[in-house]
**Student:** 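One structure coming up, written as structure tokens, with questions to follow.
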Amino acid sequence: MSVVTLAQVQLRDRSAGSCEQRNGFCPDWIADNWTNYVDPTVRHALLVALAVLFGFAIAFGLALLAHRRRVLVAPITAVTGVLYTIPSLALFLVLLPITGRGITTGVVALTAFTLLIIFRNIMLGLDNVPADARDAATGMGMTDRQVLWRVELPLAVPEIVAGLRVAATTTVGLAALAFFAGAGGLGGEIYSDLTFKSNIVVAGGLCLLLAGLFDALFVLIERLMTRWRRAVPA
């Protein structure tokens, strides 16, 4: 019977020196080894971007369907809720026999965790559209499709983007565990040496930086898509 190694955690071979030997915070070591974190950071960002992109595409389609057929709201919420409550590491391991080791397993699992957050926020945004706005659009002769795309969705942008912001920042943290499924990312650097403070500070700091960058990106997207909210009447 062959044994499949899920993840390999190895201690770094650090050069001699008082700071490294004490497992302390070593600026010189960081300056000499920062390039080791470039590829894992790029892979981590890719995992998050793909998961949020696919999660939004799926949740958006489900939300549009549930918006017109309200009976589907509860079942979709229940299913996505179950996916969200599955322990992340367990889901990675369950998917391994199906999707194999690599980025596919990481993206599939991370996408599943984004669905509930994004779906609920899209529904919240659509439900919060004032009835007067819908009535006015209908009175102008718009069809249901035109009301949806020209009135409801634009007004729902703040809630939708808020969901994407939460999903992205949450996924940055969960993506660190994708290392155990062979998907790469900063998790590999974090778990390579949990006792070395410099390693934890750099890898953990990069995760925080990615979370901040994704959040800032969606804030910018929201501002670009809601310029009408800042329009001042002449």
Side-chain angles (χ1 to χ4, degrees), residues 43-129 144-145 147-178 181-185 210-211 213-215 217-222 224-226:
R43 175 59 69 95
H44 204 99
L46 180 63
L47 283 168
V48 176
L50 290 176
V52 174
L53 176 63
F54 293 145
F56 175 73
I58 296 171
F60 186 75
L62 293 175
L64 293 185
L65 184 62
H67 183 55
R68 295 306 180 192
R69 296 173 175 80
R70 305 296 300 188
V71 68
L72 296 176
V73 174
I76 294 175
T77 302
V79 172
T80 55
V82 169
L83 292 174
Y84 186 76
T85 57
I86 297 175
S88 54
L89 184 56
L91 184 56
F92 287 128
L93 299 182
V94 167
L95 288 172
L96 280 176
I98 303 172
T99 54
R101 285 175 53 79
I103 192 171
T104 300
T105 298
V107 171
V108 170
L110 293 174
T111 298
F113 291 123
T114 68
L115 295 179
L116 177 65
I117 299 172
I118 300 175
F119 174 78
R120 290 179 64 177
N121 273 72
I122 295 175
M123 292 303 302
L124 177 64
L126 292 174
D127 290 342
N128 284 343
V129 174
D144 290 343
R145 179 182 292 273
V147 172
L148 173 65
W149 290 98
R150 296 185 182 181
V151 179
E152 293 179 319
L153 285 174
L155 291 176
V157 165
E159 287 85 356
I160 295 174
V161 174
L164 290 170
R165 291 174 65 185
V166 174
T169 53
T170 301
T171 304
V172 170
L174 292 175
L177 296 176
L210 283 178
L213 290 175
F214 275 107
D215 189 66
L217 173 63
F218 284 118
V219 169
L220 177 61
I221 291 174
E222 179 183 356
L224 292 176
M225 296 182 67
T226 57

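Predicted, not measured: the structure shown is a model, and the values here were computed from it.
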**Student:** To the nearest 0.5 Å, tell me how far Leu64 CG sits from Met123 CE.
**Tutor:** 9.0 Å
**Student:** For the atom pair OG1 (Thr104) and CG (Leu96), what is the distance rounded to the nearest 0.5 Å?
**Tutor:** 11.5 Å
**Student:** Restricting to non-hydrogen atoms, name the atom on Ala63 and the atom on Ile122 that form the minimum distance, rounded to 0.1 Å.
**Tutor:** CB-CG2, 3.4 Å
**Student:** Find the distance between CG (Leu224) and CG (Leu220) and round it off to the nearest 0.5 Å.
**Tutor:** 4.5 Å
**Student:** I would like to know whether Ile103 and Leu46 meet side-chain contact (heavy atoms from CB on, under 4.5 Å); could you show each step before the answer?
**Tutor:** CA-CA 9 Å; Ile103 192 171; Leu46 180 63; 3.8 Å; yes
**Student:** Which atom pair, heavy atoms only, marks the closest approach of Gly184 to Leu47?
**Tutor:** O-CD1, 4.0 Å
**Student:** Calculate, to the nearest 0.5 Å, the distance between atoms OG1 and CG belonging to Thr114 and Leu50 respectively.
**Tutor:** 11.5 Å
**Student:** Search all heavy atoms of Leu148 against all heavy atoms of Pro154 and return the closest pair with its distance.
**Tutor:** O-CD, 4.1 Å
**Student:** Do you know which two heavy atoms are closest between Gly102 and Ala183, and how far apart they sit?
**Tutor:** O-CB, 3.5 Å
**Student:** Just how far is it from atom CG of Leu116 to atom CG of Asn121, taken to the nearest 0.5 Å?
**Tutor:** 9.5 Å
**Student:** Could you note down all residue pairs passing side chain to side chain donor-acceptor pair (under 3.5 Å) where residues 43-69 supplies at least one of them, sequence neighbours left out?
**Tutor:** His67-Glu152
**Student:** So Ile160 and Phe56, do their side chains get closer than 4.5 Å, heavy atoms only?
**Tutor:** yes
**Student:** For Phe92 and Leu110, what are the C-alpha separation, side-chain angles and deciding distance, and is it a side-chain contact (heavy atoms from CB on, under 4.5 Å)?
**Tutor:** CA-CA 9 Å; Phe92 287 128; Leu110 293 174; 4.0 Å; yes
**Student:** Dump the intermediate steps for side-chain contact (heavy atoms from CB on, under 4.5 Å) on Phe214 and Val48, then the final yes or no.
**Tutor:** CA-CA 9 Å; Phe214 275 107; Val48 176; 3.7 Å; yes
**Student:** For side-chain contact (heavy atoms from CB on, under 4.5 Å), just list the numbers for Leu126 and Leu153, CA-CA rounded to whole Å, side-chain angles, deciding distance to a tenth of an Å, and then say yes or no.
**Tutor:** CA-CA 7 Å; Leu126 292 174; Leu153 285 174; 3.8 Å; yes
**Student:** Flag yes if more than 12 heavy atoms outside Arg70 fall under 6.0 Å of its CZ atom; otherwise flag no.
**Tutor:** yes
**Student:** Considering only distance and modelled atom types, tabulate donor-acceptor pairs under 3.5 Å from the side chains of residues 78-89, sequence neighbours left out.
**Tutor:**
from: Thr80; atom 1: OG1; to: Ile76; atom 2: O; distance (Å): 2.8
from: Thr80; atom 1: OG1; to: Thr77; atom 2: O; distance (Å): 3.2
from: Thr85; atom 1: OG1; to: Gly81; atom 2: O; distance (Å): 3.3
from: Thr85; atom 1: OG1; to: Val82; atom 2: O; distance (Å): 2.9

**Student:** What's the shortest heavy-atom distance between Val73 and Phe119, and which atoms?
**Tutor:** O-CE2, 4.2 Å
**Student:** Distance from Thr105 atom OG1 to Leu91 atom CG, nearest 0.5 Å?
**Tutor:** 9.5 Å
**Student:** Give me the atom names and distance for the closest heavy-atom approach of Gly55 to Leu115.
**Tutor:** O-CD2, 3.6 Å
